[in-house]
Structures are given as C-alpha cells and as structure tokens.
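Beneath this line is the structure, given in structure tokens, with notes to follow.
As the structure lists them, so they are numbered: ligands from 1, and atoms in each ligand from 1. Side chains are part of it too, since the values below use all heavy atoms of this structure and drop only hydrogens, waters and symmetry mates.
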Amino acid sequence: MITITNLSKNFSDGDRHSIVLDAINLSVERGEILAVVGPSGAGKSTLARCINLLGRPSSGSIVVDGVELTGLRAAELRVARRSIGTIFQASHMLSRRTAAENIALPLEYMGVVREERDARVLELLERVGLAQHAHRYPHQLSGGQRQRVGIARALALRPSVLLADEATSGLDPDNVESVIALLRELRQDLGLTILMITHDMQMVRKIADRVARLSHGRIIESGPLLDLLVDPESQLGNLLLPSPSGEDDSIDGGGQVWRVVYGSDHVAPTWLAAINRALGAEVHLLTASIETIRRHQVGHATISLPANLPEANIRRFLSEQGLQGYLVASPSKGGREKVGERIEV
Ligand SMILES: Nc1ncnc2c1ncn2[C@@H]1O[C@H](COP(=O)(O)OP(=O)(O)OP(=O)(O)O)[C@@H](O)[C@H]1O
C-alpha cells in the first residue's frame, strides 16, 4: 500500500525555483491499480522518482507498506527500495548481458548466492513467458520481450509495489496487450500494488481501478474508473472514454450538438430511435463508441438536434433512456460556439 501526503518537489536552478509537485495527496491500496495521467511536464515521472527513491521530495510524506520513506538514511534506503519495483519505458537492458543475466542484476547487487539467484531467475523467466529466451541478448529480443525482461527484473526482489512509468509506450498493439495481461496477472497472483503512469487511455480502461489526473504538479481530479466513465461532467471521464470515430468539429449544419454518456448498464440499443420519437424531431448520430469494461457497458456518442429544442426536454428524454447528456456545441450568431472543452492528456 502507498500513502502519499502533501508531497512537494521543487527544483532550483540558480535564482529560478520551480514547483514541480505541489502538495500531492494520493493513496493506492494493496492489490489496487492506480493510473496517473496528465499532460507532458505535469510531474508524473517526478512523482514516480520520489516514490521509488531516485529523487528526494522537498516536503511531505510517502509511506509504503507502513514504512515512511522520506528521511531514511542511505543504508535504510537500500532496504526500503527492495519493496518497490520499477518498470521504465522501453526497459534499459545491458546489451552485453543475456535476458537471464539482466534479470539477475538486482539479485547480484543484493549479494544473493549463485544457486539461489539462478533458481529465482528461472522462476521469473517462466512467469513472464520468456524461459525459451533466457540466453538471448537484448538485440535478439522484440520490444515486447525486452519489456517483459524489464518486468521480471523489477520483480526480482519480490517487491510489494510496482511502479510502471510509460511501460507500454512504443510497443505495438499486440505487445501492449501482452504487457497489460501480465500486469493484471501479477496483481492477481502476487497481490501487487501497482501505480502506473501512462498516456494510453485504452490501457487505463483495461487495467486501472482508479485514475488520478495530474496537471501542473497538482492532482486535479481522481476517482474510481467506472465512476469517472459514467459522469458526463468529469473531464477525466471524457478523456478516458473510447474515442468515437469521427470528430465533433467536423459537423455540418446549424443544430445543437450533445455528448451523450451511458449512465447505466441498461441502455437499450434502440435509444436513438426512442429519442427521435419522444422529441418528434430529427436526431442524428454523429459519432459513437461503446465498450464493455469490467462487465459494465461504457459508451458515449455525439448527436445533433434541431437548434430550437429546449435543453431541459433533451436532458429529460436522454435520462429516460439511461443516458446522461451535456451540450457540446450550440449555434450562436452566425456560427457555432463550442461549449465543451478539449484537454490534453
Ligand atoms: N532535475 C530537474 N531539474 C529541473 N526541472 C526538472 C527536473 N526534472 C524535471 N523537471 C521539470 O519538472 C517538470 C515535470 O517533469 P516530469 O518529467 O515529471 O513530467 P512528466 O509529466 O513525466 O512529463 P512527460 O509525460 O513528458 O514524461 C518539467 O517541467 C521538467 O522540466
């Protein structure tokens, strides 16, 4: 379990001071997967570096499995580090060492004897599905296989917490899937607490229990994945929703455009026809995307409606269909005024 309280990190460069993390409060329960998302420069990697003790926080507290990490002395730090495994983007492997030898590195540093080390490496290779490739060098492995070596190496010292910093970036979709499946398995089998940093919203939807959004060094929104996905008011929820094919901006016509989010599991496939009938007006489906996440139906769509329909009626008919809606664009003098906001992840 990770508990972060009022964590701040400042950098100073001569007279210039920058606050990169500003009073962060976060917790990840044992066996839980928390995804941290946010735009480039938000402070995500700095947060990961504070947790795995590669960087010292300026103030605040980080407790991992009951141990306060800030303020530890060097020898104590070495011990505490064992409980935290880190997977980095495009795992760095030593090019002159085989997969097995790379995985053995942390065990060597800890002075684990040869026989025990070899047994543990074999066990780890099997766990990540690379037993056949033990003696291959990094250049003889695919990107996905190298990432699996990185995961095995992160697990070598039996950590209770895994930090994954952009663990799937640069991998092709098949390898992304296999890394996701492996992380899920590790949480299931080993009860690992996982904090992952990612730009990949699909990965978040597939694996995260909770999500936090970091911006300019602050957590500006967080919550359980499914709660966020069905909340049309949630910016983070909107970011997380599967992208519909097509873009709201490419819509022609002078009507009003609504974004519609599935608010329950019982949305009838015929909702569009039902709304057409109820409103007695032309309702056009512009974009739509539906996915089943943890056995819940999650989806959203954009629809266009005639400009003169009252908002309250539209909202009511949508809600009768188990849908939540909000106005994305409405016609204004001679043009279309954007109501919704696009944000960067
Ligand atoms: N050692 C450092 N000294 C000064 N500033 C730093 C240092 N490390 C990071 N920063 C600054 O802190 C901010 C956050 O960087 P960080 O790498 O944590 O962002 P990030 O959210 O991980 O971004 P990305 O998604 O691009 O990896 C950036 O503005 C960066 O320039």
Below 4.0 angstrom from a heavy atom of Lys44, which ligand 1 atoms are there? Numbered from 1 as shown, please.
18 (O), 19 (O), 20 (P), 21 (O), 22 (O), 23 (O), 24 (P), 25 (O)

Here the atoms of ligand 1 under 4.0 Å from any heavy atom belonging to Ser40 are 23 (O), 24 (P), 25 (O), 26 (O)

Show the nearest heavy-atom pair for residues Ala80 and Leu69, with the distance to one decimal.
CB-CD2, 3.8 Å

I would like to know whether Asp65 and Ser83 meet side-chain hydrogen bond (donor to acceptor under 3.5 Å, both in side chains); could you show each step before the answer?
CA-CA 8 Å; Asp65 289 341; Ser83 60; 5.4 Å; no

Check Glu29 with Arg210, please: is the shortest side-chain N to carboxylate O separation under 4.0 Å?
no

Of all the atoms in ligand 1, which lie at a distance below 4.0 Å from a heavy atom belonging to His199?
25 (O)

Regarding ligand 1, does Gly43 bring an N or O atom to under 3.5 Å of one of the ligand's N or O atoms?
yes

Less than 3.5 Å between some nitrogen or oxygen of Ser18 and one of ligand 1, yes or no?
no

Within-cut-off N or O pair, Val20 and ligand 1, under 3.5 Å:
no

heavy-atom search around atom 9 (C) of ligand 1 in the protein gives Phe11 CE1, 3.8 Å

Taking Gln256 for its side chain and Leu309 for its backbone only, find out whether a donor-acceptor pair lies under 3.5 Å.
yes

Ligand 1 versus Glu166: contacting region, heavy-atom distance under 4.0 Å
neither

Of the listed options (Ser45, Gly41, Ser169), which comes nearest to atom 14 (C) of ligand 1 when hydrogens are ignored and any heavy atom counts?
Gly41

Quick check on side-chain contact (heavy atoms from CB on, under 4.5 Å): which of Ile207, Asp165, Val37 does Met196 satisfy it with?
Ile207

So which heavy atom in the protein is nearest atom 15 (O) of ligand 1, and how far is it from that ligand atom?
Thr46 OG1, 3.8 Å

Taking only non-hydrogen atoms of Gly38, do any sit less than 4.0 angstrom from ligand 1?
no

Write down the atom of Asn25, the atom of Thr5, and the distance for their closest heavy-atom approach.
OD1-CA, 3.2 Å

Can you give me the closest heavy-atom contact between Arg127 and Leu155, atom names plus distance?
CD-CD1, 4.5 Å

Within-cutoff protein neighbour (heavy atom, under 4.0 Å) for atom 31 (O) of ligand 1:
no

For the side chain of Gln321 and the backbone of Trp271, is there at least one donor-acceptor N/O pair under 3.5 Å apart?
no

Would you mind telling me if ligand 1 is within reach of the side chain of Pro39, the backbone, both or neither, using heavy atoms under 4.0 Å?
backbone

Name of the residue among Arg218, Lys9, His216 meeting side chain to side chain donor-acceptor pair (under 3.5 Å) with Asp22
Arg218

